[in-house]
Number of protein chains: 2
Amino acid sequence: MFPAMRVKIVGLDPHQQYYIAMDIVPVDNKRYRYVYHSSKWMVAGNADSPVPPRVYIHPDSLASGDTWMRQVVSFDKLKLTNNELDDQGHIILHSMHKYQPRVHVIRKDFSSDLSPTKPVPSGEGVKTFSFPETVFTTVTAYQNQQITRLKIDRNPFAKGFRDSGRNRTGLEAIMETYAFWRPPVRTLTFEDFTNMQKQQAQPSVSTHGSYHRPPMLKAS
Amino acid sequence: MFPAMRVKIVGLDPHQQYYIAMDIVPVDNKRYRYVYHSSKWMVAGNADSPVPPRVYIHPDSLASGDTWMRQVVSFDKLKLTNNELDDQGHIILHSMHKYQPRVHVIRKDFSSDLSPTKPVPSGEGVKTFSFPETVFTTVTAYQNQQITRLKIDRNPFAKGFRDSGRNRTGLEAIMETYAFWRPPVRTLTFEDFTNMQKQQAQPSVSTHGSYHRPPMLKAS
DNA sequence: ACATTACCACCTAGGTGGAAAGCT
DNA sequence: AGCTTTCCACCTAGGTGGTAATGT
């Protein structure tokens, strides 16, 4: 998944162990198509039947609150597929649907059975964050030349497609629309976990930067 | 370091956490040179002054006994250098000296301060294994065409130097001398850790395969 | 004389979008 | 017609020994 979600976490108990995981949930029950002349995604019927949900457990799991808070937690190894029979542990999504990634912070002593193929448990000891500006629409081929250009310009692995001599003003115009020229780091805030026993903390969530339009994800 | 040391571990407490680490210690106090006409390493004076010892902590650390025992533990990411000012965390060795790798299994509750730059602690809760057939002589350039050929034939990254059409009988002759046509997996055996409280276990060590001659390691 | 370094071509391994073919 | 798959060139990133230059 590119650009990758990156989060910064504060307020964990430094000595407590946590898993961090991501899943991706449908935004609505619709299927979409892209209409060229209006440059918009339009509803094109009801969603396909749901697929078995999967969870991406961050590879640094299990780690202490201290370890998690000292780094930017990046989900750049998370992979998407539209193959419902996938056996590579990738997250399975339908193409041409809208989705929302969620970040879960799971206290170790709470996670009885965290698994890539089971839904993330919920309750005390699990905090879930989602950022509305990270909603995206899945595709198998890009529908919009501006998205393609952004991918090529931002992703080191697409360097071979860069046209260094091309018009830069057009690019700058895109940057005004798509504000992730650097994929932003989001911040997940907890009340001090020490208080959390008595008082159910209300996590506050702040965001840096925003997607004014959903990035498209190409399934591979 | 190629070929990499690979070990199989049995007899750990499945629920106990362990570090696994490797260090490399001098075999003697001598410096060597290779004599072509006799195809032998000869003593060429006393060893250079020792360098600050370093420890390679296996990247899967910390893990449970269960996790360690389920896999072959490979040290293929361990790197050597002759640069005494190295800041990449590589193990520092003198060229043209003889060395012996050691594998350490360290119970978590025993390791007060395991660090890449501190000697491995010793005592109850730490078991150290070494295999005499893994002694090697360090070089900056290979001294022996047979070693070069083995490296090229066995290391996927050296495929570019393979001469697929060359004489195979010569190669087979080498295989009889150097028995690591596949780098062997060594077995580290513990008495059940559950007994270890009362009775100081005497680890028994078994080896599969052997180096009849030391492999040379090229510093990079 | 011999050991070491710097740079190189050549690999492994894997992440990109393009183009053409295939599917529905 | 629109979406998906397959294969490809082109990258990043990094592990090989060879070779020529450089120490010592």
Side-chain angles (χ1 to χ4, degrees), chain A residues 1-4 31-37 41-42 44-45 48 74-86 88 90 93-97 137-164 215-220, chain B residues 1-4 31-37 41-42 44-45 48 74-86 88 90 93-97 137-164 215-220:
Chain A
M1 184 158 91
F2 185 91
R31 175 177 240 281
Y32 288 82
R33 67 188 181 90
Y34 191 75
V35 181
Y36 272 98
H37 68 80
W41 288 99
M42 309 283 285
D48 300 346
S74 175
F75 293 86
D76 54 354
K77 293 284 191 283
L78 185 155
K79 294 187 183 180
L80 308 177
T81 181
N82 61 351
N83 176 8
E84 302 192 15
L85 305 175
D86 174 84
Q88 307 297 301
H90 300 164
L93 302 178
H94 286 129
S95 187
M96 314 304 276
H97 291 239
T137 308
T138 47
V139 298
T140 58
Y142 296 137
Q143 306 289 311
N144 180 326
Q145 182 56 42
Q146 291 155 316
I147 288 289
T148 305
R149 210 180 287 174
L150 272 168
K151 301 270 191 173
I152 290 173
D153 285 334
R154 293 300 302 154
N155 192 323
F157 293 110
K159 204 175 189 177
F161 298 100
R162 286 185 198 160
D163 177 7
S164 54
M216 292 190 289
L217 296 187
K218 186 168 180 181
S220 64
Chain B
M1 185 157 92
F2 185 90
R31 175 174 238 283
Y32 288 82
R33 66 186 182 91
Y34 191 75
V35 181
Y36 272 99
H37 67 79
W41 288 98
M42 310 283 286
D48 299 347
S74 175
F75 292 86
D76 54 355
K77 293 284 192 281
L78 186 153
K79 295 188 182 178
L80 307 177
T81 182
N82 60 349
N83 176 8
E84 303 192 14
L85 305 175
D86 174 83
Q88 307 297 302
H90 300 165
L93 302 178
H94 286 129
S95 187
M96 314 304 275
H97 288 56
T137 308
T138 47
V139 297
T140 59
Y142 297 136
Q143 306 290 313
N144 179 326
Q145 182 56 43
Q146 291 155 317
I147 288 288
T148 305
R149 209 181 286 175
L150 272 168
K151 301 270 192 174
I152 290 173
D153 285 335
R154 294 298 302 155
N155 192 324
F157 294 110
K159 204 175 190 178
F161 298 100
R162 285 187 198 158
D163 176 8
S164 53
M216 292 189 291
L217 297 186
K218 186 169 180 179
S220 65

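The analysis underlying the following values was restricted to heavy atoms, covering all of them including side chains, and did not include hydrogens, waters or symmetry mates. In what follows, chains are A, B, ... by sequence order, proteins preceding strands, each numbered from 1.
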Derivation and outcome, side-chain contact (heavy atoms from CB on, under 4.5 Å), residues F2(A) and K151(A): CA-CA 8 Å; F2(A) 185 91; K151(A) 301 270 191 173; 4.2 Å; yes
Worked verdict on N82(A) versus T140(A) for side-chain contact (heavy atoms from CB on, under 4.5 Å): CA-CA 9 Å; N82(A) 61 351; T140(A) 58; 3.8 Å; yes
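Checking dG18(C), dC3(D), dC11(C) against the side-chain heavy atoms of T148(A) singles out dG18(C) as nearest. Considering only the side chain of Y142(A), dG18(C) comes nearest among dC11(D), dG18(C), dG18(D). The side chain of F161(B) sits closest to dA9(C) out of dG15(C), dA9(C), dT4(C). Listed candidates were dT4(D), dT4(C), dC3(D). Nearest to the side chain of A141(A) is dT4(D). Side-chain proximity of K79(A) to dG15(C), dG15(D), dT16(D): nearest is dG15(C). Of all nucleotides listed (dT4(D), dT12(D), dG17(C)), dT4(D) comes nearest to the side chain of M96(A). Of the candidate nucleotides dC3(D), dT16(C), dA9(C), dC3(D) has the atom nearest to the side chain of T140(A). Ranking dT12(D), dT4(D), dT12(C) by closeness to the K159(B) side chain, first place goes to dT12(C). When distances are taken from the side chain of S95(A) to each of dT4(D), dT5(C), dT16(C), the shortest belongs to dT4(D). Checking dG17(C), dA9(C), dT16(C) against the side-chain heavy atoms of F2(A) singles out dT16(C) as nearest.
Computed from coordinates, the N83(A) CG to dC23(C) C1' distance equals 16 Å when rounded to whole Å. Atom CZ in R154(B) sits roughly 15 Å away from atom C1' in dT12(C) (whole-Å rounding). One atom, CE of M1(A), and another, P of dG15(C), lie 15 Å apart when rounded to the nearest Å. When the C1' atom of dG15(C) is taken as reference, atom CZ of F75(A) falls 20 Å away, rounded to whole Å. Between the P atom of dG15(C) and the CZ atom of R162(A) lies a distance of 17 Å, rounded to the nearest Å. Rounded to whole angstrom, the span from the CD1 atom of I147(B) across to the P atom of dG18(D) amounts to 12 Å. Counting to the nearest Å, the C1' atom of dT4(D) and the CG atom of L93(A) are 16 Å from each other. Atom CD1 of I152(A) is separated from atom P of dC11(D) by 12 Å (rounded to the nearest Å).
Side-chain atoms of T137(A) never come within 3.5 Å of backbone atoms of M96(A) as a donor-acceptor pair (strictly under, hydrogens ignored).
Between dT5(C) and N82(B), a contact under 4.0 Å exists linking OP1 or OP2 to a side-chain N or O. Using a 4.0 Å cut-off, no side-chain N or O of Q143(A) falls inside it from OP1 or OP2 of dG2(D).
Aromatic ring pairs are classed by plane angle as parallel below 30°, tilted from 30° to 60° and perpendicular above 60°; the pair H94(B) and H97(B) is tilted.
Note that CG of N83(B) and CG of L93(B) are 12.0 Å apart. Values are rounded to the nearest 0.5 Å.
When each of A158(B) and Y32(B) is assigned the nucleotide of DNA chain C bearing its nearest heavy atom, the one mapping closer to the 5' terminus is Y32(B). Both N155(A) and P156(B) sit near DNA chain C, but only P156(B) has its closest nucleotide nearer the 5' end.
Taking every heavy atom of both residues into account, R31(A) and D48(A) meet most closely at NE-OD1, 3.5 Å.
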